[in-house]
Protein chains: 4
Amino acid sequence: MFILTDLVNGITIELTDMVNGLGILRAKGAFRMFAKFLRLDSEKQDRIVNAVMKEFAQKGYERASTNEMVKEAGISKGLLFHYFQNKKQLYLFLVDYCYDMVVAEFYKKIDLTEPDFFKRIREAVHIKMEMLTQYPDIFKFMEEAFLEDAAEIKPELEKKKREMTDINMGKFFEGIDYSKFRADVDLKIVLKIITFTFEKMSEEVLYKAKFAPGHEINYAEIRQEAEQYFDVLIKCFYH
Amino acid sequence: MFILTDLVNGITIELTDMVNGLGILRAKGAFRMFAKFLRLDSEKQDRIVNAVMKEFAQKGYERASTNEMVKEAGISKGLLFHYFQNKKQLYLFLVDYCYDMVVAEFYKKIDLTEPDFFKRIREAVHIKMEMLTQYPDIFKFMEEAFLEDAAEIKPELEKKKREMTDINMGKFFEGIDYSKFRADVDLKIVLKIITFTFEKMSEEVLYKAKFAPGHEINYAEIRQEAEQYFDVLIKCFYH
Amino acid sequence: MFILTDLVNGITIELTDMVNGLGILRAKGAFRMFAKFLRLDSEKQDRIVNAVMKEFAQKGYERASTNEMVKEAGISKGLLFHYFQNKKQLYLFLVDYCYDMVVAEFYKKIDLTEPDFFKRIREAVHIKMEMLTQYPDIFKFMEEAFLEDAAEIKPELEKKKREMTDINMGKFFEGIDYSKFRADVDLKIVLKIITFTFEKMSEEVLYKAKFAPGHEINYAEIRQEAEQYFDVLIKCFYH
Amino acid sequence: MFILTDLVNGITIELTDMVNGLGILRAKGAFRMFAKFLRLDSEKQDRIVNAVMKEFAQKGYERASTNEMVKEAGISKGLLFHYFQNKKQLYLFLVDYCYDMVVAEFYKKIDLTEPDFFKRIREAVHIKMEMLTQYPDIFKFMEEAFLEDAAEIKPELEKKKREMTDINMGKFFEGIDYSKFRADVDLKIVLKIITFTFEKMSEEVLYKAKFAPGHEINYAEIRQEAEQYFDVLIKCFYH
DNA sequence: GATGAATGAGTTTTCATTCAT
DNA sequence: GATGAATGAAAACTCATTCAT
């Protein structure tokens with residue numbers, strides 16, 4: 001579903017499987033190779049995750065230095081590799097780790113019983129903004145991760161994205177009352193246009209925030225801007 | 001305007017300044033620091049540009065090796081730095097150089113007298129596909145360049161993007177017959193939705209092409225898909 | 001005596017002390033420092049010895065990883081060092097352990113009552129080939145061990161070799177009927193020449209086997225080749 | 001031919017091609033990839049070769065540290081890799097470099113017109129001892145190199161050895177007066193036995209020297225010992 | 001006895017950039 | 001203008017050994 005994905009890369013994804021609270025990859029056992037790390041007390045886990053995330057987010061995959069990470073995390077060089085084997089695995093682990101965290105959080109909050117399409121989207125936009133404020137580092141990292149195209153991790157990263165972006169709009173839109181949409185145009189195309197609109201809007205918001213002094217986001221303004229889009233879309237696509 | 005930008009990164013840009021055949025940056029004097037290079041005979045210029053572009057496109061900014069570039073171009077290490085001072089400047093120069101090339105070509109082809117909004121966009125889509133076929137290397141490089149987020153060049157690159165994406169819809173849409181649009185909604189928002197739609201569509205096409213066997217792009221299919229969007233957009237946004 | 005040594009490194013050694021079934025080093029108490037290990041049940045001992053031997057044989061002393069050994073043996077890192085103190089001692093222990101095994105086996109088989117020099121050697125060659133087939137891993141390891149020249153273990157290894165190669169031809173040749181040798185030349189030199197010949201022959205066989213497809217050894221051919229040497233040596237050195 | 005090879009590894013080789021003063025490998029163009037290094041003034045070349053040789057000889061391939069080499073040679077880290085690409089190439093280069101040096105020197109000295117087999121060998125033994133004294137480091141390195149079995153360089157090193165050990169006794173023994181040998185035994189076997197004898201004798205000498213205080217070699221003693229072998233071999237193999 | 005997390009100095013290799021020629 | 005040898009900091013990763021549990 002678009003709301004989460006456009007937090008990070010603007011690709012619509014299917015979140016249904018995650019609703020139960022298990023991450024896709026965790027459920028698939030991909031975390032087994034990081035068992036050593038996951039057995040640590042959460043204070044240390046957090047210290048490491050934050051240090052690593054900070055470095056990757058700041059410098060990207062290639063330039064990020066494992067030396068800096070261990071210095072920041074206060075652990076030895078060997079230990080990082082003891083947990084994560086190599087830089088690539090460390091990176092891919094972190095992508096999953098963050099993704100799972102974000103998805104689980106989102107689904108705790110969204111109300112999936114709301115049948116009106118635009119109301120549901122409106123709520124999702126608000127949840128998204130809340131989370132952006134609460135976990136800015138994670139979103140920064142995720143955003144970079146989905147743009148990352150370092151040769152070494154590209155294939156695995158693309159595969160991971162594909163796993164996470166297995167589009168299934170049918171499921172996402174379950175419970176939505178489609179009778180409100182006008183009948184003279186292709187509904188699938190209409191839904192895509194709406195999705196695209198909010199994704200691009202989000203991108204613009206993030207993009208502008210980057211260049212704003214202090215990178216602060218004016219949420220009130222975004223909501224107002226979103227309402228403008230809601231107004232047009234409802235008028236044009238509902239009958 | 002979206003057509004060019006979504007060739008490379010999906011950000012809407014202002015092309016008006018380029019129509020006269022001078023690149024934004026060239027016009028602004030940014031090429032002065034590469035005067036030595038630009039004074040070379042064009043055969044040597046091309047040899048160097050192609051070698052450098054190839055390396056950057058293949059490996060990204062960080063991993064690209066100046067050694068490989070000079071080997072491929074058949075020039076000495078010192079000479080490259082004589083022309084371009086350092087790797088960062090070399091990269092930024094190349095971004096401009098390619099961008100100018102693409103923009104000039106685009107404006108030679110587009111018919112700016114067509115008053116119908118959708119017809120103009122349709123033509124732009126076709127031109128874009130033509131150019132993608134004709135200059136695949138340049139587009140590959142530009143695409144990578146706009147995704148590049150190596151820490152070292154990021155600030156300059158973002159600035160450059162901003163310069164190139166200083167949105168000025170009013171100018172782009174000059175000559176367009178707006179009387180065809182329905183009057184009960186905000187026209188600016190409508191134009192944004194339409195722009196967003198084609199940008200996202202392009203992104204999807206490129207994304208799918210990445211995973212298609214052989215990365216080939218089915219242009220006929222894209223045109224057909226675009227027509228589906230035209231159909232909905234015209235029905236909903238024209239009166 | 002050459003037969004055993006050229007199994008492993010082509011240096012003539014004195015085997016008399018081993019005939020009683022005790023290894024040189026074991027008899028000398030050098031095994032005391034590995035008492036903890038030797039007290040284990042033999043199943044576990046074997047598991048560890050095999051895992052360690054495999055790793056050392058495959059990668060040599062330097063590159064062999066204690067991590068791999070404990071993984072293969074199914075024991076903990078700490079335990080390996082509990083038994084063997086450090087990598088060097090582990091290696092030297094294994095050299096002795098294998099050597100003792102090979103020597104004991106050899107002396108169970110050889111007939112020391114045969115008085116004819118060449119007949120005794122002929123039998124030894126056959127025993128050697130039998131054992132090479134039966135314990136290829138041990139021989140592979142021993143062969144590598146005697147070639148090993150990693151700086152760290154070199155002094156001890158050389159010392160060990162010396163202990164094992166303390167030449168005492170007089171004892172080895174006991175019971176041999178020397179009256180068959182011609183009297184006009186120095187018998188000691190003659191015996192050395194014969195010894196050298198079979199050692200070098202063995203080396204050549206092993207060397208050729210290395211490059212043969214599949215490394216297989218053609219034993220029939222070796223026996224035939226040995227007979228050619230026997231023929232010349234008997235004609236020239238017997239009267 | 002045995003004399004040279006048993007200087008370093010005891011394998012008989014064909015030296016005929018080297019007589020003209022060009023190394024096998026140099027002649028084959030294998031030195032092209034080290035052209036940068038070979039273009040240096042010989043003072044610097046020597047400084048580097050000696051530093052590298054010293055480190056490899058002392059510690060073997062694996063343990064030898066390129067850090068130590070550059071420190072000893074007084075050059076920068078990058079420069080070593082500028083000349084030799086990587087540690088493996090550096091090692092293999094040095095093997096060739098030394099081998100060529102030794103072979104060329106040997107052939108300047110040996111008198112190939114001497115028809116008597118034993119006289120020719122006697123001279124070779126003397127030349128060998130002379131060279132051992134003159135270039136002890138090179139011989140130390142070569143000896144180690146031929147024993148080296150580090151996994152990484154093994155295949156290339158074995159190939160190199162094969163190139164150098166392409167046995168061609170026929171050519172080496174050209175000009176030798178075989179009529180002096182007894183006719184009732186296989187001459188080829190006889191020649192092998194003699195070759196083996198001197199090779200093993202050399203090995204023993206080197207081996208003993210290793211453990212002698214100060215590693216000094218008593219050349220007079222060796223010559224005397226060699227004479228004992230000559231005496232037996234002449235009596236038994238000449239008619 | 002048994003565990004395995006933790007250490008940190010060590011390794012080889014890369015690479016943009018400089019500068020004497 | 002043109003060369004390419006020279007630099008040296010920085011990178012990712014390894015691994016024997018220790019020690020608290």
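This one's a predicted model, so the numbers in the text were calculated from it and none came from an experiment. Heavy-atom basis, side chains included; hydrogens, waters and symmetry copies ignored. Note on naming: letters A, B, ... go to the chains in the order of the sequence lines (proteins, then strands), and numbering restarts at 1 for each one.
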Q: Using modelled atom types only, decide if a donor and an acceptor are shared between the side chain of A/Y61 and the backbone of A/K88 within a distance under 3.5 Å.
A: yes

Q. Does B/S76 have a side-chain nitrogen or oxygen under 4.0 Å from the phosphate oxygens OP1 or OP2 of F/dG4?
A. no

Q. In whole angstrom, what separates B/Y61's OH from E/dT14's P?
A. 20 Å

**Q.** Residue D/N67, side-chain atoms from C-beta onward, closest of F/dA2, E/dA16, E/dT11
**A.** E/dT11

Q) Are the aromatic ring centres of B/F84 and B/F34 under 6.0 angstrom apart? A) yes

Q: Taking only the side-chain nitrogens and oxygens of A/R39, find out if one of them lies under 4.0 Å from OP1 or OP2 of E/dA5.
A: yes

Q) Does the side chain of D/V95 reach to within under 4.5 Å of the side chain of D/F141, using non-hydrogen atoms? A) yes

Q) Pick the nucleotide of DNA chain E nearest each of D/N86 and C/G74; which residue has the one closer to the 5' end? A) C/G74

Q) Start at the 5' end of DNA chain E and walk down; is the nucleotide closest to C/G78 or to A/I75 reached first? A) C/G78

Q.
Categorize B/K71 for me: base, sugar-phosphate, or nothing, with a 4.0 angstrom heavy-atom threshold over every strand shown.
A. nothing

(Q) Taking the ring of C/F37 and the ring of C/F93, is the distance between their centroids below 6.0 Å? (A) yes

(Q) Using Watson-Crick or G-U wobble geometry with both distances under 3.5 Å, which nucleotide pairs with E/dC19? (A) F/dG4

**Q.** Spacing between C/Y83 atom OH and E/dT3 atom C1', to the nearest angstrom
**A.** 12 Å

Q) Separation of A/L80 atom CG from E/dA9 atom C1', in whole Å? A) 17 Å

Q) If we call it a pair only when both distances are under 3.5 Å in a Watson-Crick or G-U wobble match, what pairs with F/dA12? A) E/dT11

Q.
Expressed as a whole number of angstroms, how long is the span from D/L79:CG to E/dC15:P?
A. 17 Å

Q | Short side-chain N/O contact to E/dT14 OP1/OP2 from B/S65, under 4.0 Å | A | no

Q. Atom NZ in D/K71, atom OG in D/S65: separation rounded to 0.5 Å?
A. 7.5 Å

Q: Could you say whether A/F81 or C/Q85 is positioned toward the 5' end of DNA chain F, judged by the nucleotide with the nearest heavy atom to each?
A: A/F81

Q.
Quick check for you: among F/dA5, E/dG8, E/dT12, whose closest atom lies nearest to any side-chain atom of D/H82?
A. F/dA5

Q. Quick one: A/F84 CZ to F/dA12 P, roughly how many Å, whole number?
A. 15 Å

Q. At under 4.0 Å between heavy atoms, what does D/K88 touch on the DNA or RNA strands: base, sugar-phosphate, or nothing?
A. nothing

Q: Would you mind telling me which residue lines up with the more 5' stretch of DNA chain F, D/K44 or B/K44, judged by nearest nucleotide?
A: B/K44

Q.
From CG of D/D41 over to P of E/dT21, roughly how many Å is that when rounded to an integer?
A. 14 Å

(Q) Distance check needed: F/dA12 C1' versus A/E68 CD, whole Å only. (A) 14 Å

Q: Report yes or no: is there a donor-acceptor pair, N or O only, under 3.5 Å between the side chain of D/K77 and the base of F/dT7?
A: no

Q.
Does E/dT12 have OP1 or OP2 under 4.0 Å away from a side-chain N or O of D/T66?
A. yes

Q.
Check whether D/E55 reaches the backbone of D/T66 with its side chain - one donor and one acceptor, N or O, closer than 3.5 Å.
A. no

Q: Mind calculating the distance between CD (A/Q89) and C1' (F/dC13) to the nearest angstrom?
A: 14 Å

